[in-house]
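Report on one structure; see the data block that follows.
Basis for what follows: all heavy atoms, side chains included, without hydrogens, waters or symmetry-related copies. Model, not experiment: these values are computed from the prediction. Each chain gets a letter, A, B and so on, in the order its sequence line appears, and its residues count up from 1.
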Protein chains: 2
Amino acid sequence: MSETTNLHPGLSVDCVIFGFHENELKVLMLKMKQMDKWALPGGFVNIKEDVDKEAINILQRRTGLKDIFLHQFHLFGNVSRNNQAYVDKLVKKGVIEPDMKEWFQQRFITVGYYALVEFANVQEPTPDNISDKCEWLPLTELPDLILDHSEIIHKAHQTLKTQLIYQPIGINLLPEKFTMPELQALYETLLEKELDRRNFRRKMLAYDILIQTDERRKGGAHKAPILYKFDKDKYHQAIEKGLKSGW
Amino acid sequence: MSETTNLHPGLSVDCVIFGFHENELKVLMLKMKQMDKWALPGGFVNIKEDVDKEAINILQRRTGLKDIFLHQFHLFGNVSRNNQAYVDKLVKKGVIEPDMKEWFQQRFITVGYYALVEFANVQEPTPDNISDKCEWLPLTELPDLILDHSEIIHKAHQTLKTQLIYQPIGINLLPEKFTMPELQALYETLLEKELDRRNFRRKMLAYDILIQTDERRKGGAHKAPILYKFDKDKYHQAIEKGLKSGW
DNA sequence: ATTCATTGTGTCGTATTGACACAAACATAA
DNA sequence: TTATGTTTGTGTCAATACGACACAATGAAT
């Protein structure tokens with residue numbers, strides 16, 4: 001794609017794709033070619049395409065997933081986020097073709113989206129044309145990132161934590177059926193704090209968005225926990241109405 | 001400003017400026033020249049300027065106010081929000097100069113900001129160069145708006161309502177000193193529902209962000225209510241920490 | 001059969017919330 | 001000066017939600 005005339009000038013989209021695995025929150029990242037730096041999956045916006053749609057496209061190209069929860073959370077529009085030296089470097093290293101140099105030298109703003117995906121559903125994370133790896137990295141120990149991508153991830157995580165106050169979460173981050181301890185582990189990871197097992201169950205059940213199945217997760221070395229699934233109607237209603245009225 | 005080369009292409013900023021007066025939530029709107037349509041105060045972004053800063057500039061130019069609460073809430077990026085016929089119309093009516101036509105014909109995305117301002121502080125709302133009036137209009141009975149400005153206002157209001165769950169509000173929307181019933185009226189207006197007088201007071205005081213003065217609002221036909229002011233330190237702490245932990 | 005970590009259920013005291021009643025204050029009218 | 005009407009300040013009470021616990025049930029491993 002050395003053709004940039006169809007792209008919205010100075011505009012990019014970056015996706016913070018969260019996955020949950022082994023009680024750790026992970027982020028899907030791309031390793032830049034020729035550099036020891038990582039970047040968020042992102043891309044540009046076709047003039048004839050909705051910005052939201054391009055975010056969906058990016059998510060799909062990197063993960064193969066469709067119909068995923070994707071939420072626009074912020075526009076990063078500071079002048080300081082642009083870096084000419086960085087573009088020069090990329091051209092010199094051959095990561096960017098010379099005829100694309102002018103495009104990359106524009107002042108860019110980027111729209112941040114975050115997605116929640118079920119870790120196991122992503123079969124093969126796929127690098128794009130400026131990266132050579134696409135991997136899940138733990139949120140807590142991220143390597144050097146390009147530009148302001150650290151800040152973007154941080155803001156995504158903060159937004160997610162705040163949304164947890166008044167919205168349910170779990171669909172897309174957990175498998176179809178899951179146990180109460182698994183759901184709790186998700187919340188504890190997102191919130192970065194421990195919760196009381198019994199109070200968590202009580203409160204979560206009070207939300208009335210779970211359906212108890214008659215199955216249990218076998219194979220663990222201990223008491224087999226009950227499997228639950230989300231009542232999708234009530235779940236989405238809860239997102240609309242909000243869990244807390246507050247007032 | 002027929003000079004567009006310094007502007008970020010295809011990017012605009014729109015501000016939903018809320019004011020509170022006579023128990024009504026109002027929005028500062030501009031009446032388009034030569035048309036029976038209204039628009040949000042907005043503008044373009046200089047290449048060398050932060051997007052947030054341009055929003056601040058717009059707010060200042062229309063209201064004369066500085067240091068105001070201003071919150072970026074959404075990027076509107078659908079292709080459908082652009083309208084060529086509308087641009088043609090503006091050029092024909094002489095609202096837009098012909099040499100600006102090309103600029104306006106771009107596909108535009110817009111960043112939405114909302115601001116909360118104390119109604120009385122805005123001395124003279126000032127129109128810009130494509131409008132001939134600048135007035136406060138009640139949120140509940142808005143006239144015909146250009147493009148998707150209705151949607152932008154709606155989204156701003158919704159965001160505001162949601163933020164009310166976990167953040168205090170009032171500074172910038174109320175005078176320095178205010179009564180409890182006035183604060184309650186603000187909440188009721190924002191939330192579009194009535195609240196119990198006594199429970200409201202109890203909960204609000206429990207937030208511990210108010211300072212009771214020893215003055216009362218005189219002149220009303222009834223018992224003179226106590227004047228309160230915000231404890232700005234605690235107020236801003238509450239914004240940081242959030243009023244509800246949720247979990 | 002015993003062990004042991006984990007899960008399901010329940011209790012108890014406290015804090016928060018929703019629904020009320022009542023007295024005090026203040027301009028206006030008499 | 002007093003009475004009136006409405007609004008404001010304060011308090012009560014029951015229902016609910018919440019934080020901190022104890023205990024029994026389960027199931028693979030020993």
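Using a 4.0 Å cut-off between charged side-chain N and carboxylate O, B:D208 and B:K234 make a salt bridge. The pair B:E151-B:R81 does not meet the salt-bridge criterion, since no charged nitrogen lies less than 4.0 angstrom from a carboxylate oxygen.
Note: CE (B:M180) to C1' (D:dT10) measures 12 Å, nearest angstrom. Taking atom CD1 of B:I226 as the reference point, atom P of D:dT7 lies 18 Å away to the nearest angstrom. The interatomic distance linking B:F200 (CZ) with C:dA19 (C1') rounds to 17 Å, in whole Å. Between the C1' atom of D:dT7 and the CD atom of B:E182 lies a distance of 13 Å, rounded to the nearest Å. The separation between B:D196 atom CG and D:dC13 atom C1' is 14 Å, rounded to whole Å. If you take NZ of B:K218 and P of C:dT28, they are 14 Å apart, rounded to a whole angstrom. For the pair A:R217 CZ and C:dA5 P, the computed distance is 22 Å after rounding to whole Å.
Under the 3.5 Å distance criterion, the side-chain polar atoms of B:E54 are left unmatched by any main-chain donor or acceptor of B:G43. Within the 3.5 Å criterion, the main-chain N or O of B:L190 finds a donor-acceptor partner in the side chain of B:H157.
With hydrogens and angles left out, the side chain of A:R202 and the base of C:dG10 share no donor-acceptor pair within 3.5 Å. Between the side chain of B:R198 and the base of C:dA21, a donor-acceptor pair under 3.5 Å is found.
Dashed line: the shortest gap from a side-chain N or O of A:K223 to OP1 or OP2 of C:dA5 is not under 4.0 Å.
Distance from the side chain of B:H222 is smallest for D:dT7 among the nucleotides D:dT7, C:dG18, D:dC21. Side chain of A:K244, nearest nucleotide from C:dG18, D:dC18, C:dT9: D:dC18. Here the side chain of A:K203 is nearest to one of D:dC18, D:dC21, D:dC23, namely D:dC18.
Using a 4.0 Å heavy-atom cutoff across all strands shown, B:A221 reaches at least one base atom of the nucleic acid.
Side-chain contact between A:M180 and A:L210 is present, with at least one heavy-atom pair separated by less than 4.5 Å.
Each of B:G220 and A:Q212 was matched to the nucleotide of DNA chain C holding its nearest heavy atom; the match closer to the 5' end belongs to A:Q212.
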